[in-house]
Amino acid sequence: MRPRLTSSLGPVGIIDIGSNSVRFVAFGGSPRVPSTLFNEKIMAALGKGVAKNGALDEKAVEDTLVALARFRLLAKEMGLRKLHTVATAAVRDASNGAEFLYRATALGLKPRLLSGAEEAELSGLGVISAIPRATGIVADLGGGSLELIGIARGAAGEGVSLPLGVLRLGVDPNLPMLTDQIAAALDQGKLKDAARGNGLYLVGGSFRSLAALDLKLSNHPLPIVHQHRFTPERIAELRTILRDTPPDELRQKANVSRSRVPTLGPAAALLEALAAQLCPRKVIVSAFGLREGLLYRDLSQAVREEDPLLAAALDVGEQLGRFGDHGASLDQWIAPLFPDENLANTRLRLTACLLADIAWNAHPDFRAERAVDLAVHGNWVGIDAHGRALLGRALCSAFGGDGGFSKKLEALLHEGESERAAAWGRAIRLAQRLSGGTETLLRKTRVELSPRRVTLTISPRFKALYAEAIERRLKQLATALGREYLVKFG
């Protein structure tokens with residue numbers, strides 16, 4: 001499980017010309033989990049005209065071209081290594097789509113028109129990039145189309161594109177008619193049963209806004225959309241809330257833009273129809289989609305197989321650490337204290353060790369607060385709210401903040417998990433103080449666990465490492481593990 005450090009991504013950029021929004025994103029950092037360096041969009045609603053008369057609306061086209069000219073200048077000044085420009089359903093279906101692409105090319109861009117199948121594939125790869133073990137169907141809802149694709153064992157299958165985008169559905173779409181359309185589209189394909197008993201993974205701004213609304217309404221202690229999940233039965237409840245709540249109140253509750261609010265009702269109706277037809281066991285939201293899938297598709301197989309959480313933690317730990325990365329060695333050092341860890345906890349413990357130095361440059365009184373904030377609110381993937389809370393608890397303890405961890409976040413943990421994560425943190429805290437945060441000195445020592453005690457052994461040549469501060473932290477760790485402590489030199 002030791003993470004590999006891959007070379008820097010670029011930076012690279014993507015201009016995504018969608019049916020509802022046009023967005024420019026610049027990415028950098030780790031290729032496996034790219035960091036967003038810049039993100040800007042306009043809600044051009046190119047697909048509105050297509051839904052009305054089959055052509056891109058001229059006002060929307062002009063607004064889009066103005067934005068594209070700006071994005072091209074920004075990309076040039078940022079020195080991007082590569083700039084992808086892709087167009088999706090609105091341009092694909094419009095009678096004047098070719099003319100629009102010609103005008104975009106005249107700005108110095110190289111736009112590529114994605115087919116419906118390719119759009120579905122990229123969305124599927126984006127979800128796999130963020131949730132490697134995802135199994136079921138990805139549903140990517142845009143303004144002009146809905147893409148569906150099956151995913152399993154880290155691969156995307158065949159996809160379909162349906163003309164069911166939120167700009168085409170109308171304000172109050174007919175639910176039985178939607179269900180019939182989806183059933184007819186899937187009747188002859190392999191997707192019909194792919195989500196049954198598995199997951200339905202949601203991509204797209206309208207779906208994410210629905211998830212944000214659900215998080216707010218349920219008063220979730222950690223309202224992060226990525227990997228938020230709800231049951232299919234919850235969808236009908238959300239539809240009722242959307243019908244009964246004024247738009248301005250919805251904006252406040254879901255924290256979405258005014259232009260996004262009208263799409264929530266159609267998105268909820270479509271989601272209910274999908275759930276009725278596909279019978280998923282769970283509905284999960286993904287922060288990654290087409291753009292991230294485009295980057296993921298270009299990676300080597302070896303890089304694809306890296307754990308996205310560990311890769312991101314390694315990258316952040318290297319940026320913020322004092323004396324270089326030694327998180328994997330730190331995890332190996334404390335591992336004997338936790339011999340009964342399951343695979344999921346072992347992975348999160350390693351993540352905590354990779355991030356063990358992230359708050360050293362904060363004010364001493366706020367290091368724990370800084371570490372917890374990065375752990376629970378960081379732009380991670382491959383982790384859910386429960387995992388974030390566990391990681392935050394460990395780093396709170398690692399930076400000496402045992403009494404200040406949020407009770408709301410602690411409520412996300414299962415019985416005994418808070419104590420276990422706090423013990424990880426105390427072990428990390430001991431190791432960092434003992435070695436001064438350096439790997440070489442850490443290797444001159446070791447810790448062992450027996451039924452009665454925690455034993456710290458230090459090489460005789462490095463006996464001077466032991467001090468009162470070390471004894472104090474060793475005692476705290478032993479107490480947390482319900483043991484006595486012993487120090488040996490040999």
Side-chain angles (χ1 to χ4, degrees), residues 8-30 33-48 56-57 59-91 100-101 103-114 119 122-123 126 129-130 140-144 165-167 203-209 211-212 224-226 251 254-263 286-296 377-379 381:
S8 176
L9 177 63
V12 301
I14 297 176
I15 297 176
D16 181 3
I17 305 170
S19 301
N20 204 20
S21 65
V22 179
R23 187 184 295 268
F24 167 52
V25 186
F27 295 96
S30 164
V33 190
S35 301
T36 300
L37 306 178
F38 182 82
N39 188 340
E40 182 172 307
K41 72 174 179 181
I42 65 162
M43 301 298 288
L46 277 171
K48 263 191 178 178
L56 300 172
D57 177 77
K59 173 66 164 60
V61 167
E62 293 300 330
D63 290 346
T64 298
L65 291 172
V66 168
L68 293 180
R70 167 175 162 77
F71 294 162
R72 180 184 175 276
L73 285 174
L74 291 173
K76 183 178 180 181
E77 190 61 30
M78 290 173 184
L80 300 183
R81 183 174 59 84
K82 190 173 185 179
L83 177 63
H84 301 272
T85 304
V86 295
T88 55
V91 180
F100 169 79
L101 292 176
R103 295 176 69 181
T105 302
L107 295 174
L109 298 171
K110 297 178 180 179
R112 184 160 63 88
L113 186 61
L114 300 178
E119 192 175 345
L122 292 174
S123 296
S129 174
D140 183 356
L141 178 60
V166 290
L167 298 179
V203 173
S206 296
F207 279 157
R208 292 180 189 126
S209 295
I224 292 177
V225 165
H226 179 64
R251 284 184 61 210
N255 193 28
V256 296
S257 64
R258 188 180 300 275
S259 59
R260 182 69 73 185
V261 170
T263 72
S286 172
F288 279 21
L290 182 148
R291 291 180 293 275
E292 292 78 12
L294 192 61
L295 299 178
Y296 183 77
H377 299 125
N379 194 25
V381 294

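Remember, predicted model here, so these are calculated numbers, not experimental data. Numbers here simply count residues along the sequence, with the first being 1.
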Can you check whether Arg70 reaches Glu40 side chain to side chain, under 4.5 Å on heavy atoms? yes

Indicate yes or no: does Arg103 engage Glu62 in a salt bridge with an N to O separation below 4.0 Å. yes

Would a distance-only check, ignoring hydrogens and angles, find a side-chain to backbone donor-acceptor pair under 3.5 Å from Ser19 to Ala90? yes

Main chain of Gly289, side chain of Glu292: is a donor-acceptor contact present, judged purely on distance under 3.5 Å? yes

Heavy atoms of Leu107 and Ala69 approach each other most closely as CD1-N, 4.0 Å

Does Leu290 reach the side chain of Thr88, with side-chain heavy atoms less than 4.5 Å apart? yes

Does any N or O in the side chain of Ser286 come within less than 3.5 Å of the main-chain N or O of Phe288, such that one atom is a donor and the other an acceptor? yes

Distance col, row Phe24:CZ vs Arg291:CZ, nearest 0.5 angstrom, shows 12.0 Å

Pairwise distance CG(Leu109) to CD1(Ile17) - rounded to 0.5 angstrom: 7.5 Å

What pair of heavy atoms forms the shortest contact from Leu167 to Lys48, and how long is it? CD1-N, 3.7 Å

Please find the pair of heavy atoms, one from Asn20 and one from Gly143, that lie closest to each other, and give the distance. CB-CA, 4.1 Å

Where Leu122 and Leu114 come nearest, the two heavy atoms and their spacing: CD1-CD1, 3.9 Å

Check whether any side-chain N or O of Thr85 sits under 3.5 Å from a backbone N or O of Pro111 as a donor-acceptor pair, and report yes or no. no

Given Val12, which partner from the list Leu80, Val25, Leu295, Leu37 fulfils the side-chain contact (heavy atoms from CB on, under 4.5 Å) test? Leu295

Looking at Thr263, Val203, Val166, which hits side-chain contact (heavy atoms from CB on, under 4.5 Å) with Leu141? Val166

Under-4.0 Å salt bridge between Arg23 and Asp16: no

Between His377 and Ile224 the two heavy atoms that sit nearest each other are CA-CD1, 4.2 Å

Ignoring hydrogens, what is the shortest heavy-atom contact between Arg251 and Val261? Give both atom names and the distance. CG-CG2, 3.2 Å

Counting only N and O atoms by type, is there a donor-acceptor contact under 3.5 Å from the side chain of Arg112 to the main-chain atoms of Ala87? no

Can you measure from CZ (Phe27) to NZ (Lys82) and round to the nearest 0.5 angstrom? 13.5 Å

Using modelled atom types and a 3.5 Å cut-off, is there a donor and acceptor pairing between side-chain atoms of His226 and backbone atoms of Ala287? yes

